[in-house]
Amino acid sequence: MPVSSPVSSQSAVVLIIDPEPQNQRTMRDRLMRLGYTARTTDDYESATAILEATPPDVVMITGIAGSPEEVDTIQPQLNRWGIPVVNLTIDASGAATQVLPGSLPTLSDAELKMRLDAALQSRKLHETLAMENARLAAERLYDPLTGLFNRRYMMIRVEEEIKRSSRRGYALSCLLVDVDKFDGVNETWGHPVGDSVLRDMAHIVTRTLRGSDIVARYRDDQFIGLLTDTDASGAQVAANRLRDEVAAHDFLNAASSVPIKLTASVGIAYWMPSTKPGEGTWEPQLIALAERALKAAKLSGQNRLVMLQAA
């Protein structure tokens, strides 16, 4: 009677660790009959090289358990790839099995397949969890609408860049960009059109600023750019170029044949570390200063730029 399996073993690769060539051949042939792909090795040193070069799906220890030190040599690679271990010298309850030197543990095909498939299932769950963790990490750092980094990521990076600028003595500037009268777009054309405008804005900001600059969606219709190694004049040039790009852009409107024309206001905060020892230990409030500059720009009208210097 064929042995049922909750997990397909057609493509599962099992690495057998056993010092006896005859045991290797016996177990390899047996696994192949059960539908697995089998590889063999004599010791843990060789197993480490195999795990690093071509990781299997499962590692099986058959006639030798090895010393704790030997087993520990493969653990980093097992952890790296999330590879489970089936140790046939230990039964399913965790108790040691009686295995004569040079022989294999006595295990039926059903028991062997059950243990291997349980290991494969655990790896599948591990991979699913890893993918979910990666997705959650992306959600924590990326804005789903524009694909840019989000405010959380920028708050982390601004502290890192201030420390970097302090060490190197280079200027650091921050641009905070706000779409003028964006609420009117949503009110007139609806949120789908507003979302399209924000995606266009993300493209404009990223293509206008340098590849080395850090760009994120800050909140709602606001975008932020951290300009590394950039002083006040460089930040002003970048901000004016950005305002010109926004004003010249035709924002597509799916609800009308006429494109939407918009402008943007920009607040700039820039900072130059002190060259004097013991001075210039300014706390990371660059973004807060850029917010003040943007507020002043919005109060003075549309398509304006205000710059403030951090002390």
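Heavy-atom basis, side chains included; hydrogens, waters and symmetry copies ignored.
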Write down the atom of Ala239, the atom of Val266, and the distance for their closest heavy-atom approach. CB-CG1, 3.9 Å

Smallest separation among heavy atoms of Ala38 and Ile16, with atom names: CB-CD1, 4.2 Å

Using 0.5 Å steps for rounding, measure from the CG atom of Asp117 to the CD atom of Gln121. 9.0 Å

As a test of understanding, state which of Asp180, Thr208, Asn303 forms a side chain to side chain donor-acceptor pair (under 3.5 Å) with Arg243. Asn303

Test side chain to side chain contact (heavy atoms under 4.5 Å, CB included) on Phe223 and Val215 and set out the steps. CA-CA 7 Å; Phe223 297 83; Val215 178; 5.5 Å; no

Applying side-chain contact (heavy atoms from CB on, under 4.5 Å) between Cys174 and each of Leu227, Leu289, Ile287, report the one that passes. Ile287

Do Ile83 and Leu125 share a hydrophobic cluster (ILVMFWY, side-chain heavy atoms under 4.5 Å, transitive)? no

Has Ser300 got a side-chain atom pairing as donor or acceptor with Ala297's backbone, closer than 3.5 angstrom? yes

Output for pair (Thr40 OG1, Met60 CE), nearest 0.5 Å, gives 12.5 Å

Distance from His203 atom NE2 to Arg199 atom CZ, nearest 0.5 Å? 8.5 Å

Say you draw a straight line from CD1 of Ile260 to CZ of Phe251; how long is it, rounded to the nearest 0.5 Å? 8.5 Å

CG/Asn23 to CZ/Arg25 distance, rounded to the nearest 0.5 angstrom? 9.5 Å

Give a yes or no answer on whether the side chain of Asp220 reaches the backbone of Gln222 with a donor-acceptor pair at less than 3.5 Å. no

Ion pair present between Asp143 and Arg151, side-chain N to carboxylate O less than 4.0 angstrom? no

Heavy-atom donor-acceptor pair, Asp221 side chain to Asp178 backbone, under 3.5 Å: no

Please determine whether residues Leu209 and Tyr170 belong to a single hydrophobic cluster, defined as Ile, Leu, Val, Met, Phe, Trp and Tyr linked transitively by side-chain heavy-atom distances below 4.5 Å. no

Identify whether Ile268 and Val306 are in the same connected component of the hydrophobic contact network (ILVMFWY, side-chain heavy atoms under 4.5 Å). no

Common cluster, Leu145/Val197, ILVMFWY with side-chain heavy-atom separation under 4.5 Å: yes

Step-by-step side chain to side chain contact (heavy atoms under 4.5 Å, CB included) determination, Arg168 to Arg164: CA-CA 6 Å; Arg168 300 179 62 179; Arg164 174 179 170 273; 2.5 Å; yes

Check the pair Val59, Leu51 against side chain to side chain contact (heavy atoms under 4.5 Å, CB included), reporting the backbone distance first and the verdict last. CA-CA 9 Å; Val59 167; Leu51 288 168; 3.9 Å; yes

Pairwise distance CD1(Ile74) to CD1(Ile61) - rounded to 0.5 angstrom: 5.5 Å

Walk me through whether Arg157 and Glu160 qualify under salt bridge (Lys or Arg N to Asp or Glu O under 4.0 Å). CA-CA 5 Å; Arg157 286 303 305 272; Glu160 294 176 350; 3.1 Å; yes

Parallel, tilted or perpendicular: which one describes the rings of Phe149 and Tyr153, with boundaries at 30° and 60°? parallel

For a quick test of reading the model, state the closest non-hydrogen atom pair linking Arg210 to Thr228 and the distance between them. NH2-O, 2.7 Å

Co-membership, hydrophobic cluster, residues Leu294 and Ile214, 4.5 Å side-chain: yes

Take Thr26 and Gln22 through the side-chain hydrogen bond (donor to acceptor under 3.5 Å, both in side chains) test and state the conclusion after the steps. CA-CA 6 Å; Thr26 299; Gln22 181 59 47; 3.2 Å; yes

